[in-house]
Amino acid sequence: MTIPALEFSDDQATAFDSVTDVLRGAGIDLDDQLLTPPKSSATSVMAVTGKAGSGKTLLLAELYKALENAGVEIVSGDYESRKRRDKRTLAILAPTNKAASVLRLRGVPATTIHRILYTPVYDPEYERIAEWLATGGEERPEVEGLTDVALDRAAAFYASNKSIPGALAAAGLRGSDFITGWKRREEPLDIGFVDESSMLDDKQFEDLKEIFPTLLLFGDPAQLAPVNQSGTMVFEKLPEKRILTLNRIHRQEADNPILDLAHALGDPALGFEQFERMVEQAAARDDRVVWGQRVEVDLMARSPVLVWRNATRIRLINAFRQVHGAPEDALLEGEPLICDGLELPLKHRKKRLDLEARGLIKGAQVIYLGEGRKPGFSRLHVMGAEDPQVSAASIVKIEKPDEEEPFIPFAARMGATFLHGAAVTIHKAQGSQWDTVQVFAPDLYAAARMGRTEAGQPLWKRLAYVAITRAQERLIWVVRNRLSMPTGPLMVDDLRSIAAPALSLTEPEVEDMR
């Protein structure tokens, strides 16, 4: 067959051919760019696995391009055209906003699993604009309150960034103007690609199989399995012939010392002290690896320190707040938070879907921008979300060392709950990447001393592998329990400069949430 015009490794070419055969059975012929009805209604699941740098993302991107060129409709999760539902569809998913944003930065229109499970309900007036943008219609809609100049701005935005909410925001609309609610998807789609599938739990996997007759999982078997999954990832339960393994480490060609360290962990004879010597030697010859004598506090606001133990996380968070002079009864603008879930009763299910669809799902990384208009509300920037700025009822919990109950500087009666995000556990960091990552090595040494294992491998090695591979450009291996002083105050000006206006979540309806 004719594969894309780039240099595939042998294992990538084999995987591309295998996926092509599966798609042909689903009625999508990439060779002839021919779309036909699927031959079977049975669910077909295949996995592409490999360690960091093996080319999984490259393969995913090339398969996406081939499907789009064949005429398959790409469903983004923010809008689905009614007029084109007879076409074959593809959705590219990730478990978190940050993981989806990593793909979007590489030109792949990814969205979160939640945004596919639940679809937005548009106001009919503004749905005409969405339909016009999505279908490339020639007849410009006439909508009261929107000028031709505003529609031109929307069209220009959509031409360069395939986001309907972003285009409508460019026209001067807020999310609460055009999205009236969310509903569970009723109609199945055709094909689903799931990146970072090592993070999937069994319930998410079953939900996805209900929606996608053809499901392709991309995952790294060396990462940490979801909590309560007994160290097993969903793709490891597939028949052997349904798992395609990529072995060649493509990014190694660029002489990447970070990946060199990550893959050295695969040596069963390697001990922790020997590995630390390798880190120190790498730092001596390449500035992309740093042997750190202290935690750099300036990095913690946007790139959390990665730790193993909760006690370490809490101590680092309190030290971060202390050196910035944060008061106990308030947050400073620019403090990082992690969404810890939603505290809403069942009768507010619609509000829960709204918050989750905007990116406030468990584990979402958020920057605090300031107080909202109502008591207990916060203005927030959701890292990695397509429409990042929101205002939501918030319950903020600041955990204290040696205290069972967290301190709550302020709280709404109900809403999104947050923990501080200056430090996070390595488990919660899965799926995310940052330019610079700080790994708190004393925690990994403690894991090594305890001798714990997971799925037959020393736990410290799995932790170290996941932590190291979160770094895109620079790895700081912190070896001492010290914290630097900040060089300046926390900043949010770069986040406020984002063009899209803040989306108001529940704030106008606070009286209804009793």
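In summary, the side chains of D298 and T487 do present a donor paired with an acceptor at a separation below 3.5 Å, with no hydrogens or angles considered. Between the side chains of R470 and Q433, no donor N or O sits under 3.5 Å from an acceptor N or O. Using modelled atom types, one finds a donor on one side chain and an acceptor on the other under 3.5 Å when comparing Q365 with S432.
Scored by the salt bridge (Lys or Arg N to Asp or Glu O under 4.0 Å) test, E335 finds R321 as partners (sequence neighbours excluded). The side-chain hydrogen bond (donor to acceptor under 3.5 Å, both in side chains) search around E240 returns none, not counting sequence neighbours. Checked against side chain to side chain contact (heavy atoms under 4.5 Å, CB included), A467 has the following partners two or more places apart in sequence or in another chain: L306, I426, V439. Partners of Q322 by side-chain hydrogen bond (donor to acceptor under 3.5 Å, both in side chains), not counting sequence neighbours: none found. Residues forming a ring-ring contact (aromatic ring centres under 6.0 Å, His included) with F193 (at least two apart in sequence, or on another chain): F218. Listed by chain and residue number, Y64 satisfy the side-chain hydrogen bond (donor to acceptor under 3.5 Å, both in side chains) test with E68 (two or more places apart in sequence, or in another chain). For R242, the salt bridge (Lys or Arg N to Asp or Glu O under 4.0 Å) test picks out no residue, with sequence neighbours left out. When the side chain to side chain contact (heavy atoms under 4.5 Å, CB included) test is applied to T49, the partners found at least two apart in sequence or on another chain are A47, P221, F235, I243, T245. Checked against salt bridge (Lys or Arg N to Asp or Glu O under 4.0 Å), D220 has no partners two or more places apart in sequence or in another chain. The salt bridge (Lys or Arg N to Asp or Glu O under 4.0 Å) search around R313 returns E399, not counting sequence neighbours. Residues satisfying the side-chain hydrogen bond (donor to acceptor under 3.5 Å, both in side chains) criterion with R285, sequence neighbours excluded, are absent altogether.
Ring geometry for F8 versus F16: interplanar angle of 30 to 60°, hence tilted. Using cut-offs of 30° and 60° on the angle between ring planes, the pair W477 and F272 is tilted.
Pairs passing the salt bridge (Lys or Arg N to Asp or Glu O under 4.0 Å) check and including a residue from residues 300-310, sequence neighbours excluded, read R302-D494, R309-D443.
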